[in-house]
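In what follows, a single structure is set out as structure tokens and then discussed.
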Amino acid sequence: MSCEQVTTTYINAYYEDMEKLGVRRATLEPRATEHIADIVRLVDTLLTKGMAYRVDGDVYFQVDRYPAYGRLSKRNLDDLQAGARVDVDERKRHPMDFALWKGSRPGEPSWDSPWGPGRPGWHIECSAMAMRHLGETFDIHGGGMDLIFPHHENEIAQSCGATDKEFARYWVHNGFVQINHEKMSKSLGNFFTIREIFQQSEWPDTVTGEMMRYFLLSTHYRGPLDFSDQSLKEAKSALNGFYDLFERLNESDPSHGAADQLLQEATVRTRTAFVAAMEDDLNTPNALAALQTLRGEANKALEAGLSGEMRRMVRQEFRALGVVLGLLQTDTWRFKGQVPQRASGDAESTAKTLSDEEIAVKLAARLAAKKSKNYTLADQLRAELASHGITIEDRPDGTSRWKR
RNA sequence: GGCGCCGUACCCAAGUGGCUAAGGGAGCAGUCUGCAAAACUGCGAUGCGGCGGUUCGAACCCGCCCGGCGCCUCCA
């Protein structure tokens, strides 16, 4: 299998998973291998400026030529030296000097360069590609917090060293998803993939994806978050509240807008709070709290009376704010035709999943039973549906709706 | 050994010097309902890992300590 085939396979798998999570594609996805010329040029600049030096076929960045080294990760060179656990390459002038270009050993993939055949050091491709596509200074650089040192520290050193300009204006470092408060890792055996979450979910992909998003956004990006079935279920419950509300907003009701004015004002407050939360270092938990508060207000307003126009307006507001987070975009949480035939964990509920048609039949039978006041039969039918995870909600007008 | 992140109610989780410590989930009670579900109303931390200190005032600042996690290495 070629290198190209391997990367393509995994890149495509990544796209599939991200799509299910509702992550939009980036406008540009540059590859290091397509920027070798930019990389070579950047390394050459650093050599010319005396911030790098050659050793055999390698080129190293000389950290003590960049005085601000360690500023991002709040470390200083002395601490780092003391902590070095691994044998230092004796050819380097300073233990923390890092490779900009590595001469290749026979059989390794390599590209030509003024220093002989080799490959880019880790870090340098990020600087080269950022400069190429975003300019020498750009606004936001993201990444996991494990990359703060050495990767981002080195990116800054080599970029600023070359340009004498600021590199990224803001750094956004996210905490990790953990399992039982531990980092996910293969060696700990607590490793699983997004794909597996979708496969094991008892919900359709669209619902699972939204549950995942809600869960991920319910904690601040910088903090750690612990993944568990329970946390996903809580996200589902929280989202249910919104979609139940949307159902009610959709129902036509002759009532007039006694609460229109109040809800209108609540909507304005929500927007203000939501925007303020997002502007405060992407405080998504607070943004969600604002949406939840509006949900409560809207439910209250429904009790008091909302005009059809106001109902549409509120739904639109949820949609407009939700799109920022990639939430609340579907019309309803209907589960038509896409309920997977999967066995969930407990033997009790491994019974086959009901199709929409089967549900409709049972629902009609129950309504008929209700009409003839045969509540025993009606309850029996409901219990049957409940055993398949289906909840029925009777409406005042005598009709019913169901959900999983 | 160095550096960093985290420790807030039963669970999740905002808040980082001053209004009653957001919000969600779970729970309990009530209204509504044939029964449910949903919704609504009410209940829930005199206290924010512990101990000191600064301050008129601290979850929030400072110090020490305890606990969890991560980085400090080749590779990404």
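Residue numbering restarts at 1 for every chain, and letters A, B, ... go by the order of the sequence lines.
G25(B) sits 15 Å from A14(B) when the C1' atoms are compared, rounded to a whole Å. G1(B) sits 14 Å from C64(B) when the P atoms are compared, rounded to a whole Å. For the P atoms, the distance from C69(B) to U8(B) is 15 Å, rounded to whole Å.
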### Query
Passes side chain to side chain donor-acceptor pair (under 3.5 Å), H173(A) versus H152(A)? Steps please.
CA-CA 10 Å; H173(A) 290 111; H152(A) 293 157; 2.8 Å; yes
### Task
Walk me through it: do N154(A) and W122(A) pass the test side-chain contact (heavy atoms from CB on, under 4.5 Å)?
CA-CA 9 Å; N154(A) 291 353; W122(A) 176 43; over 6 Å; no
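D58(A) pairs by the salt bridge (charged side-chain N to carboxylate O under 4.0 Å, His left out) definition with R91(A), not counting sequence neighbours. For E303(A), the side-chain contact (heavy atoms from CB on, under 4.5 Å) partners at least two apart in sequence or on another chain are R248(A). Judged as a side-chain contact (heavy atoms from CB on, under 4.5 Å), and not counting sequence neighbours, the contacts of S104(A) are E108(A), S110(A), P117(A).
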### Task
Give the B/S/- string for nucleotides 4-19 of chain B, one per nucleotide from 5' to 3', where a protein heavy atom under 4.0 Å of the base yields B, of only the sugar-phosphate yields S, and otherwise -.
-------BSSSS----
### Query
Could you write nucleotides 34-45 of chain B as a row of B, S and -, 5' to 3', where a protein heavy atom under 4.0 Å of any base atom gives B, of only sugar-phosphate atoms gives S, and otherwise -?
BBBBSSSS----
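Between F215(A) and F227(A), the ring planes lie perpendicular to each other; the angle is over 60°, past the 30° to 60° tilted range. Ring pair H35(A)/H133(A) is perpendicular by interplanar angle, where above 60° counts as perpendicular and below 30° as parallel.
Put simply, CG on L291(A) is 14 Å from P on G23(B), counting in whole angstrom units.
Cation-pi geometry between R315(A) and F246(A) is met: the NZ or CZ atom falls under 6.0 Å from the ring centre, inside 45° of the normal.
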### Message
As a check on the pairing definition, encode RNA chain B in dot-bracket form, counting Watson-Crick and G-U wobble pairs whose two distances are under 3.5 Å, and using | for partners outside this strand.
### Response
((((((((.[[[..)..(....]]].(((((.......))))).....[[[[[..)....]]]]])))))))....
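Taking only side-chain atoms of A238(A), from C-beta outward, the nucleotide of C69(B), G25(B), G23(B) with the closest atom is G25(B).
A distance of 6.0 Å or more separates the ring centres of Y53(A) and F61(A).
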